[in-house]
Structure formats: C-alpha cells, structure tokens
Amino acid sequence: MSSAILYALAGAGVFVLGCYGMVVCQHLLRKILAVNFMGSGVFLVLVAFARQSQEGVPDAVPHAMVITGIVVAVSATALALVLMLKLAEETGAASLKDSDKQ
Amino acid sequence: MPVFILNIPWAALLIIVPLIGMLLAFLFSSAARWMGFITVFLNLIAVLGLAQELSSNGVFQHTVGGWSAPLGIELYADGLSLLLLFTTALVSLGVAVYAAGYFSHSKASSFWPIWLMLLTALNALFLSSDIFNLYVTLELLGLSAVALTALAGGRAALLGAMRYLLTTLGGSLLYLLGVALLYHAYDTVDIQLLSQRVEISPVTWTALGLMFLGLSLKTALFPFHFWLPPAHSSAASPVSALLSALVIKASFYMMLRLWLELFSDFGVIDQVLGLLGALAVLWGSWQALRQTRLKLLVAYSTVAQVGYLFLAFPLAGGNQVFAWYAAGYLLISHALAKSAMFMATGNLLQYGNHDRIADLDRVVQRLPITAGAFAVAGVSIMGLPPSGGFIGKWWLLESALVSGRWDLVTVLILGGLLAAAYIFRVLGYTFTEAPVPHEAKRVPPAMQWIALILASASILLGFLAPQILPWLNIGDALIVVEAGS
Amino acid sequence: MNAVINEWILLLVLGSSLLPGLIIFGLAEERRGLRTTLNLFGALFKLFLVIWILWGVFNQQHYETRLELLPGLEFVLRAGPLALLFVSLSTILWLVTTIYAIGYLEGSPHRSRFFGFFSLCVTATVGVALSGNLITFLIFYELLTLSTYPLIVHRGTEVARKAGHIYLLYTIIGGAVLLLGTVWLYTITGTLEFTPRGFLADLDKTYHPALVIIFFLMIAGLGVKAALVPLHGWLPNAMVAPAPVSALLHAVAVVKAGAFGIVRIVYEVFGVDFAASLGVTRPLAWLAAFTIIYGSIRALYQDDLKRRLAFSTVSQVSYIALGVAIAGPIATIGGVVHLVHQGLMKITLFFCAGNLAETLGIHKISEMNGVGRRMPWTMTAFTIGAFGMIGAPPIAGFISKWYLGWGALETGQTWVLLVLLGSSLLNAAYFLPILHAAWFRQPPDKWPHEHDFGRKETAWALLLPPLITAVSALFVGLFAALPFSPLEWAELIAEREFYQP
C-alpha cells in the first residue's frame, strides 16, 4: 500500500521536475527530454495506482493506458526531434530564444 | 425513412472515412487533392446522416467491436457533439477548396494526408465518451496540428510550430495526470459513469485543476495564449484557418463537456474561467489593435474571441441555458468567420506578397471579393447584426444583465468596440493608396469566393437560431445535470 | 391571395433595393446602361409598392411580416402610420437622389461599388422605418452604419479614411449603447414590440430608475446619428463624401434614422405620457434646444458651404427631438412633420451645393458671389430651401415651426418660443448673406473650376432633382391641409398617440 503511494509521489515528483525543466532549459533537446520526463511521471502515477486498486490481480486498464501513452510519447518525441533538427538547420541554434532577437 | 439509411453506422463512418482518406492520400500523393475532396464531401454526408439519426433516436451510443468501456471504446453523440461535427464538416469543405488553390504540388502531397489525419482526430474527439479516449484523440490532434504548422517551412513557422508542440504536449500531459487521478478515485474513465460517481474531494479538485489547466493551455485561454499568435500567424493560410476555427475549439469542447457532466458543482472555477475569459477579450482585442501585420491581427483576434466562449461559464451558473447557447453559437460563428478571415488574409498575402496593414493599397477595388469576405467575416467577429456573432453576443448580454454581472456587461460592450476598431482599421486601409505601389500576383477566384461564402455563412447564422437550437438541444446536451438527480 | 401579399409585401419593399444592390456589386464598371436600369427600376418599383401599401392601409388593410429570430423574439416589419411616413419620404427621396447620383458620378471610378452600397443604405433606411420592434430596428440601424461607411470613404483619400473612422467611432459606440439599452429593456419586459403609447407604463415602480437609465442609454445611442450635441462631431467630417451621399445622409438616411428612432422610443416604447411622468422628456427638450442654438451658431462661422449646411442639419434635426420632447399633441405634429419637411429642404440645399461644386468648382461661400446669374435655376431651388429653413411662409419649414411653437404654448413651455425665435434669426443670419451674395454681388471673371455643359447651366440629371425637391417643399407647405399631406399624416399619428382610447 504505502509503496504504491510512494511510487505515485515519485511519479508526481518526476512530473514536476519535467515541468521545471521545460520552463527553465534553453536547449530544445533538454526541453524535449523534459517533456518525456513529464510523461514518465504520469505513467508512473498510473502504474502505481493500478496495483493499488485490486489486491493480487493487477488492474489491466491503467497498463493499457500507459502503453497507449508510451506510443503517443514516442511519436511526439519523433516529431519534436525532427522539428528541432529542421529548426537548427534554419536558424543555426536549437533554441526558441533567438527568435526574440531577430 | 428507408431502413437501410438508418442502419448505416454514421458515427463510425465519421472516423473511418477520413482515416481511409488519409491513407489513400498518403499512398497516392499525386491524387491527394481528389482524395481530400471526396473525403470532406463524404464527411459532410456522414454528419448529415448522424444528424438524421439523432433527430429520430435521440442520443447516440455505440460500443465499438462489442468491447465496452473501460477497455473498449464507446462512441457517443448528442446535440453538442453534433454542433462541433457539423462546424468541422463545413469548415473542412471550405478549407479543402481553398487549399486546392493554395498549395503547390510538392507541399500538397504532405498537406492532404496530415490534414485528413487532423480531421480524423477531430471527429473522433467529438465522438469520444470517455476521458482517456479524449486524451488520445487530443494528442493525435495536437501532433497533426503541429505538423501542419511546420509545413509552411521557414524560420517563423518552425519556431511557432516548436513552441506550439511543447505547449500542446505539456497541456496533454497535465490533462492525462488528471485522468489518472480520476481513474484512481472513481475506477472508471467513462464520462457517464463518472458523472454518477464524482464527488467533491481533494482528489477531484486536483484532477479538475490539472485537466482544466492543460486544456486552457491548448485552448490558448489568457494568459496561456502566448503560443497562439506566432503559430497561427506563421502557418500556411489554410492551416491557420483550421487551427483558429477548429483545433482550439476541440479543447474548449472538452472543457465544456467535462464541466457540464462532471464539474458543474465546483464553484469558483467557473468564476476563474470567466475572469480569464474577460481578460482574454480585452487583452486579445487590444493586442490585435496594436498589430501592424494583418495575420498577427487576425491571430490576436482569435485570442479575444476564445475569451467570449469562457464568459459563458460564470453566466450559465444561475441555470441560464442561454449562456451555453451563446457559447455554442459563438463557437460556430467564429469558426466560419475566422476561417474566412484567415483565407482572405492569405489571399492578400499572396496578392501583394506582404501583410502590412497600412500598405493594403486599394484592395477593395483590386481584390473586391477578398476584401468583401474580410469585411463580412468582420461583421460577425464584431458581433454586429445581422450575424451569428450578434446572436451569441445578445444571449451573453442578456444573461449577464439578468444575473446583474455589470462587469461582464462592460467587457462584452468594450470587446465589441475594440473588435470594431481593429477590423475597421484594416478596412479603412483597403480603400487608400499605399505610398509604395507593389507588384500584384493573381489570386485564383475559387480561393476568393470560398472565403466570401464562409463569411456569408456566418452572417446567415444570424437568421437560423430557431432552426439550429433544437439540434443543439438533442440529449439535453447543455442542461447541467443537477446534483442528486 | 391578399393575405399572402399582405404578409410578404414588406419584405418585397426591402428586396426592391437589396437585390438590385447585390446585382450591381457584381457588374463590371462599364455596364453603365444595365446599372442605371437596375437603379431606376428598383427605385420605381419600391415607389410603386409603397403607393400600393398606402392605398391598402387607406382601405383598412394590415401589412405585417413576422419571422422568428430568437426564441421569443421575432423579426417584425409592420406598416404603421409612423413607418409609412418615413418609408414614403425615403422612397421618394431615394428615387430623386438616384437620378442625381447617376448624373453626379458620370465618368468617375468605382460606380458599381458606390451604387451597390447606396442601395444597401436605402434598404437599411427602409428597414429602420418598417421595423415593428426594437430588435428589428437595431438590426437595420447597425446595417445602416455598415453600409454608409464605404460611401463616406468612397474616394479613398487619407482624409476620407479618417472621416470614416470618426464616423465609426461615434456610430459604433452609439450602436453599442443602444444595444445595451435594448437588451436591458428586454430582460425587464420580455417584449420589444413597438406599441402605440408604449408598453412600459404598467411596470412596477421599482423598475423606474432602471427605465430612466435605459431611456438615456437609448437616446444617447440614437442621438449619435441624430447628431444631438455633443454627439454630432462626426457629421461635419463626413462631408468628404460625394454630394449625393451627403444629401442622403443628411436628409434621409443616417440623421433621420436617429431622429426617427427617438420618435419611436418616446411614442412607442415608453409612451409620451409615461416618459413625461418619468421626467425624462424635459432634459431631452433642453438638450434639443441647446443643439438647435449651438448648431446654428457654429453654422454662422463656416465658410465651406457643405460644412455650413452640415451644422445647419445638426440644428434642424433637433426640431424633431424638440417636438417629441415637448410632450404635447400639437408639438408632436410639428416634430413628426419636420421629419419630412427638413428632409425635403435639406436635400435640396445639398443637391444645389453639389451642383455648384460640380459645375463651377465652388466649395466656399466666399466664392459664391453672383452665382445666381450663372446658375439661376439651381440658385432658385437653393433659395426656396433656405427660406424654408428660416421658416418663411408658405414653405414647409414654416409649418413645422408654427406647430412647434403652438404646441409649446399649449403645454405652457413658453421658453421654447424663444428658442424657435433665436434659431430662426440665426438661420436667417447664416442663409441670407449667401443669398445676397449669390443674387446681388458681381460674379468674378473666372469660376474656380468650370465644366462646360453647353447652353444649359448644368446637366439635366443634376438640375432636375433639386427643382423637384424644392417644389415639393413649397407644395407640402402650401397644401398642408390636403389629405395625404405630411401634415395630415402627422396629425393622424398625434391623434393616435394622444386621443384614441
């Protein structure tokens, strides 16, 4: 029981860390990683709560959700990376900042 | 009504048709445009079929493949879904015609598949009946929207798309965390079941906060609108039309749906949304007024118009269904008018190769249909009669006066005045001569007419309220479920 | 059959200018013949319809169109006495102005656009006249704002653009205020239907403070178009528009829509007795009186002819508001009839001003020396209009002033007589010098910018309209006692408002 809560709290922690990274980091690669952190945090919360809901037999629904979520996250990350590369090609830097200067 | 028509699974078709259309457009890229045309046309027919079905049978529910929730997927449609589906179908038709003239062949082969993907995601979102499927469709929508934004290429579009992507991903994950909490607390993701089980508790509050924060980000509600102007203004014009008319409406629809079904007892939040909406109206309009580029002006106008939708939340509190009608009506009018406006802007950009407002250089006589489309769409955006925007504003004003919300009355009046100011600023310059004349490029008539047709449709809406409201009322979609009943 | 006609004929009246307008938008610039045909056909057909309706009403027919607009709120057109008065005026003056505009714009660019919006403008005016409830009125009132804007910026100069903005600044704010008042009223009453003697008198006393505010909101909204001081600032600026537009704006469309709205609000929303008992008519009367004097004084100092006429309009239109606000039956007759009289006289003056500008390039009063000899017919029409404005019998303006003064005496508001007297003196002070210069001074050797019209003083299409309207202004004054004259009609309206059970 308590381990589940611990996991959930850890998940929330990872999520918050991701949020922080997203706001603070300049480099786009870091930002993309931060988004993935956020995702992993949410998945951790989902899995943690799943075990808690039924003793012994794990609840399949959150697992299905996590799998779906991972698929989405992978494709999102792929898109983000491609965009980042294109942007670096175009502007010479993988950051959102330089738009403000020019 | 012949039996076979009733037996066609219209709702399923609404997802399958654009999906197949996307695959075909991807595989046969030389014929992508035709695949697109056929798809949006069939899509409209499917919406009409669904409407027919709803009008005779009431609310529609369908369990895909016999797998029921939570593991399976259920489709659900009532008046509110129908409104959104219909709006999407109409705007899609317009965008298809416009895009056919707009894109060069090389761009077109990427545009059509992604755009049909977006259509699939929109339709699926409006038909979803559980909060997890809403998440999946929302992500699908966000990703295709970002890809479309980036399609324009170039520095501004790529930067806009990147910012948009990070925001949309962050928003979805916030929402998903809320879903996780709700599932943990109530053991289901089905909206109907949740609405029976949900109760006021810290977990629910947290879930509500996370979900609405995420969705506000995606809807570009003030102060989370920062990503919208760069993305919407740098995208290709047909894409801007889609983004402003439909994509942000999807996340608004989710908020509306969740609020009506699950969270209507959670006071305060509606006031907060109303406050942010009011600020959005004022700030967005003010920013629009300050722009020197037409496309940015139109994008900021979207920020303002989104604000109006949120004014319905505090006003509907006193069981005033008219405020929700207003939101629904403003939603569809804005979708039509704003897509027309972005198309007109796209035409002007193509024509003069710039969108500096002060240098529009007599387009009123050189490009009269486009200028007319902008003006007519502007009437609806300003909320002047006769137009759909006027009807929506009338209802908002009425409910604000009935509930004695003079602050919101002031916002409504001021917002209308500011809108008139920024739209007529543009129109004034369409009459005058620019100091430096520039070369003009031809704009295909279809691209001009379709803008005017969509804009006129938003005017026509002003006369159709008695015809449209009964559809909106199917399944009492806008009646808040009273606690305990 | 008759029932069907009675239900749809009012829509047809709107359509008779809306449809030609929309078709004209699509016409190429050089399709002059077709455009002229459409314009004249629309105007004549509308006139025919209006005569049909007048005849029908005379024979106890009832014309009304109702379409559902919102749940519980309808789009209503109705041919009541007030509506018919204004519709007849607009229809006749539209016909005349169309002829004038065709002559005036001969050879100038963008005529299709001009006549398209011109027709929309008239559609909106007729809609304003026929509206059977406040929301319908509001729709056409705003449509009028929208359709006049392109006419004001028509020339596409920087000055025109700025004038258009000033116009919108006033009218859009006015429209918003009117909308607020309307919705507020609707939330209190649940109806917006124009009813003789109003529909508010039975409301509970607790609503009275709100009703007072609503009254002033509405008057402020309408006062913008009616150019009540201090809401008149747009009018002199809007003079950059081509002459037919100025003529229409001043005599028929915009200014009158505002004045007509005030008449509607006082008589058919509040009811004049109820309005008086709320104590709101007195401030309106003061405001109108102040506007009358202020407009006249400002007119004195203008050298630009159109600007002088514009300030004269500011002053004269407030006679209507004054007649309404005196709140007595006789004054009502004076106010309502002035709606027509001022229209006839002012449109004549603007036509003449346009002729001077078009034929000789004269824009300033200081350039008008001896112009009567060069353009005798135009200046004769101008003279009739000017004497009418001053209030010299037997021209129309005299009738209005007579009834206003008599009405003021009847209700014991003698101060109004002073206003009327002062205004007439001021009218004389700013019109007589023009007439003196035009008829009795030596013409200059060369006019500022002369066009050659052969042996005629100017083109027929330019000369005929002011002569027609000037003669009409003379006739409605001379034969005011005949049936179907504007005066008779105004008496009918006053009778219905004050005496009928």
Side-chain angles (χ1 to χ4, degrees), chain B residues 321-322 325 329 358 361-362 364-365 368-369 371-372 375-376 378-379 382-387 390-391 393-404 406 409-410 412-421 423-425 427-433 435 462-467 469-470 473, chain C residues 25-26 29 67-75 109-110 112-113 116 127 135-143 145-146 149-150 152-169 171-177 179-188 190 210 214 217:
Chain B
V321 72
F322 277 113
Y325 287 158
Y329 226 77
D361 202 13
R362 293 170 293 134
V364 78
Q365 50 248 19
I369 299 165
V376 171
V379 170
M382 290 182 265
L384 287 184
S387 69
F390 171 69
I391 303 287
K393 228 163 139 195
W394 176 281
W395 278 328
L396 278 185
L397 209 50
E398 191 183 331
S399 33
L401 281 164
V402 167
S403 39
W406 283 96
V409 170
T410 316
L412 282 166
I413 297 286
L414 270 182
L417 294 179
L418 285 169
I423 282 169
F424 275 108
R425 193 163 79 91
L427 291 179
Y429 281 113
T430 62
F431 281 84
T432 53
E433 213 165 328
F463 296 100
L464 294 180
Q467 282 74 36
L469 282 191
N473 277 332
Chain C
F25 274 127
E29 203 52 40
L67 301 166
E68 199 181 5
L69 191 66
L70 294 171
L73 258 184
E74 288 173 308
F75 176 90
H110 319 310
S112 283
R113 188 180 80 212
I135 190 172
T136 316
F137 179 88
L138 190 75
I139 289 175
F140 286 111
Y141 191 77
E142 294 286 27
L143 200 63
T145 305
L146 295 174
Y149 172 75
I152 292 177
V153 291
H154 182 73
R155 295 220 164 107
T157 58
E158 193 57 25
V159 181
R161 190 180 71 81
K162 293 213 169 109
H165 275 203
I166 292 171
Y167 174 65
L168 286 176
L169 181 70
T171 49
I172 297 272
I173 292 178
V177 171
L179 173 71
L180 176 60
T182 306
V183 182
W184 193 359
L185 188 70
Y186 181 64
T187 58
I188 292 176
I214 290 173
L217 282 175

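Below, chain A is the first sequence line, B the second, and so on; all start at residue 1. These figures come from a predicted structure and were not determined experimentally.
For B:Glu433, the part lying near chain C is the backbone, with the side chain staying farther off; criterion is any non-hydrogen pair under 4.5 Å. Heavy atoms closer than 4.5 Å to chain B are found in the side chain of C:Leu73, but not in its backbone. For C:Ile172, the parts sitting under 4.5 Å from any heavy atom of chain B are the backbone and the side chain alike. Interface residue B:Tyr429: backbone and side-chain heavy atoms are both found under 4.5 Å from chain C. Using a 4.5 Å cut-off between heavy atoms, C:Leu69 contacts chain B through both its backbone and its side chain. Only the side chain of B:Leu469 comes within less than 4.5 Å of a heavy atom of chain C; its backbone N, CA, C and O stay farther away.
Each of C:Pro150, C:Ala160, C:Ser112 has some count of heavy-atom pairs under 4.5 Å with chain B, and the biggest count is that of C:Pro150.
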Evaluate B:Phe390 against B:Met382 for side chain to side chain contact (heavy atoms under 4.5 Å, CB included), listing each step before the verdict. CA-CA 8 Å; B:Phe390 171 69; B:Met382 290 182 265; over 6 Å; no

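Between C:Tyr149 and C:Tyr167, a ring centre-to-centre spacing not shorter than 6.0 Å is recorded. Checked against a 6.0 Å centroid threshold, the rings of C:Phe137 and C:Tyr141 count as neighbours.
Looking only at side-chain heavy atoms (C-beta outward), B:Tyr329 and B:Leu464 come within less than 4.5 Å of each other.
In terms of the side chain to side chain donor-acceptor pair (under 3.5 Å) criterion, residue partners of C:His110 (sequence neighbours excluded) are, by chain and number, B:Gln365.
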List, one per line, each side-chain donor-acceptor pair under 3.5 Å for residues 179-186 of chain C, sequence neighbours excluded.
| from | atom 1 | to | atom 2 | distance (Å) |
| --- | --- | --- | --- | --- |
| C:Thr182 | OG1 | C:Leu178 | O | 2.7 |

